[in-house]
Amino acid sequence: MGYNFLEIEKKRQAYWAEKKTFQVQNNSDKPKYYVLDMFPYPSGAGLHVGHPLGYIASDIYARYKRHKGFNVLHPQGYDSFGLPAEQYAIQTGQHPELTTKTNINRYREQLDRIGFSFDWSREVRTSNPDFYRWTQWIFLQLFDSYYDKIEDKAKPISALIAVFEKEGNTSVQVECDVASPKFTAEQWSAFSEEEKQAILLDYRLTYISETEVNWCTELGTVLANDEIINGVSERGGFAVTKKKMKQWSMRIGAYAERLLQGLDKIDWPDSLKEMQRNWIGKSVGAKVRFQVENHDAQLEVFTTRPDTLYGVTFMTLAPELELVKTITTAEQKEAVEAYIEKSAQRSERDRMADVKTISGVFTGAYALHPLTQERVPIWIGDYVLAGYGTGAVMAVPCGDQRDYDFAKHFEIPIKNIFADTDISEEAYADKSGGVKLQDSDFLNGLEYKAAMKAIIAHLETTGSGEGTINYRLRDAIFSRQRYWGEPIPVYYKNGLPVPLSQDHLPLVLPKVENYLPTADGAPPLGNATHWAWDTKSEKVVANDLIDNKTIFALEMNTMPGWAGSSWYFYRYMDAQNDTAFVSKEAANYWQDVDLYLGGSEHATGHLLYSRFWQKFLFDLGHLPVDEYAKKLINQGMILGSSAFMYRKKGSQEYLSKGLIEGQEVEPIRVDIALVNLSDELDCEAVKQWQPQFAEATFVLEEGVYKVGREVEKMSKSKYNVVNPDQICEDYGADTLRMYEMFLGPIEQAKPWNTAGISGVHSFLKKTWRLFHNDETFYVSDDAPSAESLKSLHQTIKKVTEDIEQFSFNTCISAFMICVNELTAQKCNQRAVLEPLTILLSPFASHITEELWALLGHKESISQVEYPVFEEKYLVESTKNYPVSFNGKMRFTRELSLDLSPKEIEQIILEDEQTQKQLQGRTPKKVIVVPGKIINIVG
RNA sequence: GCUCGAGUGGUGGAAUUGGUAGACACGUUGGACUUAAAAUCCAAUGACCAUUGCGGUCGUGCGGGUUCAAGUCCCGCCUCGAGUACCA
């Protein structure tokens with residue numbers, strides 16, 4: 001009987017399930033540790049070999065921490081709202097709930113097979129009403145809050161109302177919509193209830209606004225900035241255009257500074273922090289106001305270079321700006337309108353594609369320079385973005401390359417305010433210092449830093465501007481015109497949103513016949529016959545009852561994908577609670593996530609939004625900390641290796657890879673299941689595979705059809721998905737677990753390749769044999785040899801260090817060396833093999849659990865204490881140490897490690913050979929580092 | 001363009017953070033066991049030269065530098081990957 005992994009794994013998994021080995025309690029004498037994975041979206045393709053990479057790493061760490069005496073929370077769940085299930089529903093009419101259930105069941109089977117130590121009693125599903133009830137609850141909290149800039153935190157809106165009643169809004173410092181009007185306390189109390197609500201809406205942390213959104217016609221929904229990649233939708237790759245729509249937004253901008261500062265407190269990868277910093281995009285500068293000539297309007301610009309104010313020769317406004325229409329002169333009206341029309345029609349992608357083309361139109365209007373009162377022409381140009389800063393820039397062609405190019409193109413004068421610089425070819429944008437200002441009145445002779453200080457002070461005293469900080473981070477659009485998401489718990493009364501009371505949550509998704517938008521363009525929820533709110537019975541009722549007195553229309557948009565994932569990690573702490581999203585006790589016990597593992601593709605999406613919600617819930621006192629994940633590790637993606645066949649243009653003839661040179665061919669993806677390990681295609685199988693290939697003819701080279709290969713993301717549509725099931729069948733889950741870890745550092749992306757899997761597999765077979773004499777289990781109780789103890793303790797040391805640093809690949813190398821050594825030493829003593837089993841159990845969990853039982857233990861190995869490293873077993877050994885003289889002469893001596901550096905130095909100096917090499921010279925110094933190289937400097 | 005990160009054998013990747021470069025594994029070659037295969041075990045494996053003296057030379061993308069000592073630090077390039085994209 002050899003290593004029968006199939007039998008062992010089945011048995012051990014049944015044992016874990018029966019004993020509920022990995023269930024964890026919310027109290028313990030042990031210290032807590034929370035290991036979290038980014039939960040998967042259950043897609044129809046099933047789990048592929050890339051998914052478990054992170055799960056295996058976190059599982060190893062969770063198991064290690066259990067051995068080290070921690071009470072470990074290691075849960076799993078599903079991010080089960082999302083587009084693919086809905087798209088599938090549109091195509092087939094099958095309810096997304098059904099597809100989602102089927103997919104989840106398949107995921108669970110696959111996850112179980114790999115033997116993870118998840119506590120499934122705490123499972124969450126974002127599409128489950130018991131869960132999204134609390135997502136809706138958090139929405140209501142945001143609706144009921146505003147952001148106080150003085151205290152720098154969110155507070156209940158009731159506090160703001162109190163302020164309005166006392167002093168109006170003329171002096172409050174809170175985050176709100178820029179367009180919100182000013183009023184006094186008297187005016188406030190004179191407003192009608194409706195007027196008050198309309199004003200308050202501008203201040204809430206989730207608010208409705210008419211904003212320019214990224215609209216994707218094919219998907220029929222708006223997209224957030226992070227859902228757009230290279231100007232097209234992340235899902236599906238469809239075109240995205242700008243469109244004005246009334247949308248729910250989340251005031252994440254209020255948290256920009258805290259999100260930035262918070263990064264310094266958390267142990268996340270630098271690259272990821274950098275991405276978030278760039279996304280938040282803090283820039284320090286000033287706001288400057290220009291009076292428009294012969295007009296009431298003032299033009300406010302944001303600039304990071306107020307020191308160059310004297311270099312302004314024109315202004316540029318974003319074409320979308322409302323102000324443009326009012327200031328344009330009659331002569332220019334036609335040209336300006338044509339330009340606005342043209343730029344509105346361009347899609348995001350077009351706009352990005354030709355950043356080089358300079359375009360713009362003169363409005364005919366002039367602004368007055370706030371310092372010199374000179375007339376400055378006002379232009380519009382689509383290089384200025386409406387959404388950033390004030391949507392207007394003061395153009396300083398001598399100091400900014402884009403302004404420079406624009407000025408050159410339209411022959412606008414350029415004024416050089418930098419002394420001793422040449423701007424005949426390009427702008428001088430360097431602000432590192434050394435260059436002094438000229439033609440700048442009181443700024444003359446000053447360098448960048450001093451000039452900044454002086455001009456801001458001047459602007460502030462004259463009232464024509466002030467120092468400001470601007471952020472690139474925009475408020476997050478929260479409405480999606482989709483069916484398969486959380487309903488927003490709000491109904492509309494006289495056009496204003498009214499939140500449902502939290503007692504009426506969850507507001508459950510209604511049944512619909514059709515998952516597409518309605519005929520008049522309303523979101524899919526418009527298809528529901530029962531989707532209106534009766535304020536009398538406080539129930540959802542039929543739409544056709546709407547009477548605008550007691551029955552009102554419910555919100556038809558749903559929440560975006562990131563809503564549920566922004567707080568799910570707290571639900572695991574208290575998954576069954578139906579009175580709170582998490583109890584105070586549970587949140588206080590678990591506090592936060594100690595280790596979070598997931599992909600870096602969520603850097604500017606989920607990982608930013610969840611930090612925002614965390615800070616918000618912390619502000620309101622619902623959570624104990626304002627950063628939820630102390631440490632984060634990005635696992636690299638495992639990529640697929642797609643296979644291609646090459647169709648000769650306009651024919652049904654397919655050429656083998658070696659024959660395509662000089663031919664016009666189209667590469668066509670083919671399922672990698674139809675290709676063998678030597679890249680040879682099964683042509684008959686291709687004909688069966690899809691009807692379009694039934695008539696295909698294949699041109700072979702040397703009797704076979706060779707496919708081309710390309711490394712890309714694993715996806716069902718690329719036919720390159722490798723599922724872990726087959727690996728488990730052929731080699732076992734333990735081999736899969738160890739092999740994925742052995743591939744390389746977890747942070748690194750790498751293509752999937754099973755070439756080296758036999759090495760890991762034979763390691764497990766060797767380990768099994770270590771415990772067996774011929775076919776029978778045999779472990780002796782004799783005292784082990786010093787040699788074996790040395791091997792063991794070297795391994796304890798190395799493995800522990802490596803696990804702490806998440807260097808699992810080198811860790812596995814250490815196991816391999818150890819088992820090879822012990823095999824050579826014929827070691828079969830319990831005193832060595834037992835600790836080794838514990839060491840190995842985070843990695844090869846099934847085989848070690850089995851061996852542990854064979855060793856006569858009743859309890860699960862997962863709860864056993866980790867072996868202790870003892871230096872004394874290593875000290876007795878000797879090792880060869882090279883001694884080098886000036887880096888040239890080398891020889892070796894045997895030195896004992898337990899000698900002190902001084903003693904080693906003495907031995908070397910008395911050594912005959914050393915003396916010979918020194919050739920009578922006296923060494924200047926001897927560098928002795930225990931366990932390292934020893935150098936003698938002549 | 002800007003911001004990060006990375007370039008090491010035929011391959012995946014190690015290197016105690018300035019101290020014998022190439023651990024461990026795959027692959028390849030040779031051998032043992034076997035009727036044979038599988039499985040297993042042993043040996044060799046950076047390149048070049050010398051190989052009936054067990055040694056030498058060169059080697060971590062390229063060019064310089066610091067140091068007794070550089071894959072590792074500094075300066076200047078090249079290539080690849082990721083993120084971002086008219087952010088004023």
ask   = OP1 or OP2 of B:rC41 less than 4.0 angstrom from a side-chain nitrogen or oxygen of A:Arg769, does that happen here?
value = yes
Here the distance between atom P of B:rA85 and atom OH of A:Tyr388, to the nearest Å, is 13 Å
Those residues at least two apart in sequence (or on a different chain) that pass side chain to side chain contact (heavy atoms under 4.5 Å, CB included) with A:Glu740 are A:Val49, A:Pro52, A:Leu53, A:Ile56, A:Ile638, A:Leu736, A:Trp752
Rounded to whole Å, the CG-P distance (A:Asp382 to B:rA85) equals 16 Å
Taken to the nearest whole Å, CZ/A:Arg277 to P/B:rU84 is 17 Å
**OP:** Report the relative orientation of the aromatic rings in A:Phe763 and A:Phe815; use parallel for angles under 30°, tilted for 30 to 60°, perpendicular for over 60°.
**Re:** tilted
C1' atom, B:rG81 versus B:rG64: distance in rounded Å? 27 Å
For this session: Answer yes when A:Arg277 and A:Asp264 have at least one side-chain N-carboxylate O distance shorter than 4.0 Å, and no when they do not.
Result: yes
Subject >> Spacing of the P atoms in B:rA32 and B:rG22 (rounded, Å) >> reply: 31 Å
Inset, instruction - Rounded to whole angstrom, note down the C1' distance from B:rG9 over to B:rG61. - result: 15 Å
Margin query: Would the distance check show the side chain of A:Arg737 and the main-chain N or O of A:Pro842 forming a donor-acceptor pair, the cut-off being under 3.5 Å?
Written below: yes
The correct set of residues in residues 799-806 of chain A placing a heavy atom under 4.0 Å from RNA chain B is none
Ordered by number, residues from residues 814-827 of chain A within less than 4.0 Å of RNA chain B (heavy atoms) are A:Met816, A:Ile817, A:Asn820
- Query: Quantified in whole Å, what is the P atom distance between nucleotide B:rA70 and nucleotide B:rC2?
  - Reply: 33 Å
Rounding to 0.5 Å, atoms CG (A:Leu272) and OG1 (A:Thr604) come to a distance of 9.0 Å
Taken in chain and number order and not counting sequence neighbours, the residues that satisfy ring pair (Phe, Tyr, Trp, His ring centres under 6.0 Å) with A:Tyr731 are A:His761
Quick tally for nucleotides 3-13 of chain B: nucleotides whose base has a protein heavy atom under 4.0 Å get B, sugar-phosphate-only ones S, the rest -, giving SS-------BS
I'd like to know if A:Glu257 pairs up with A:Lys282 as an ion pair, taking the criterion as any Lys NZ or Arg NE/NH1/NH2 lying under 4.0 Å from an Asp or Glu carboxylate oxygen. yes
Against the side chain of A:Met275, the closest entry in B:rC41, B:rG83, B:rC87 is B:rG83
* Asked: Is a side-chain N or O of A:Lys415 found less than 3.5 angstrom from the main chain of A:Tyr310, in a donor-acceptor match?
  -> yes
All stems that RNA chain B takes part in, i.e. 3 or more consecutive Watson-Crick or G-U pairs with distances under 3.5 Å, are B:1-7 with B:78-84, B:10-12 with B:24-26, B:27-32 with B:40-45, B:46-49 with B:55-58, B:61-65 with B:73-77
So salt bridge (charged side-chain N to carboxylate O under 4.0 Å, His left out) across residues 806-824 of chain A, not counting sequence neighbours, yields none
Determine the interatomic distance between C1' on B:rU17 and the same-named atom on B:rG12; round to the nearest Å. 23 Å
Ring pair (Phe, Tyr, Trp, His ring centres under 6.0 Å) filter on A:Tyr428, not counting sequence neighbours, yields A:Phe418
A:Asp400 atom CG is separated from B:rC2 atom C1', nearest whole Å, by 14 Å
In whole angstroms, the gap separating P of B:rC86 from CD of A:Glu426 amounts to 20 Å
The glycosidic conformation of B:rU34, counting syn as within 90° of 0 and anti otherwise, is anti
Query - Euclidean distance for C1', B:rG18 against B:rG13 (whole angstrom) - result: 22 Å
Winner on side-chain proximity to A:Ser813, out of B:rC41, B:rA23, B:rC86, is B:rA23
Atom CE of A:Met741 and atom P of B:rA25 are separated, to the nearest Å, by 19 Å
In whole angstroms, the gap separating C1' of B:rC26 from CD1 of A:Ile812 amounts to 14 Å
| Parallel under 30°, tilted from 30 to 60°, perpendicular over 60°: which one fits the rings of A:Phe302 and A:Tyr388? | perpendicular
The side-chain hydrogen bond (donor to acceptor under 3.5 Å, both in side chains) partners of A:Ser807 (sequence neighbours excluded) come to A:Thr810
All N/O pairs under 3.5 Å across the protein-nucleotides 27-29 of chain B interface:
none

Open item on the list: If we ignore hydrogens and angles and just use 3.5 Å, is the side chain of A:Arg611 paired with the main-chain N or O of A:Leu259 as donor and acceptor?
Closed with: yes
Separation of B:rC2 atom P from A:Trp279 atom CH2, nearest Å, is 20 Å
Those residues at least two apart in sequence (or on a different chain) that pass ring pair (Phe, Tyr, Trp, His ring centres under 6.0 Å) with A:Phe742 are none
Checking B:rA85, B:rC24, B:rA39 against the side chain of A:Lys765 (C-beta onward), the nearest is B:rA39
Sequence neighbours excluded, the answer for ring pair (Phe, Tyr, Trp, His ring centres under 6.0 Å) partners of A:Tyr383 is A:Phe406
### Query
Hey, are A:Glu466 and A:Lys287 close enough for a salt bridge, meaning a charged N less than 4.0 Å from a carboxylate O?
no
Note to self: Rounding to an integer number of angstrom, what distance separates B:rG7 and B:rA21 when you compare their C1' atoms?
What the structure shows: 16 Å
| said: Can a donor-acceptor pair be found, under 3.5 Å and without considering hydrogens, that links the side chain of A:Asp307 to the backbone of A:Ala451? | reply: no
### Aromatic ring pairing A:Trp379/A:Phe410, orientation class (parallel under 30°, perpendicular over 60°, tilted between)
tilted
| Mind checking the P distance from B:rC41 to B:rU20? Whole angstroms is fine. | 31 Å
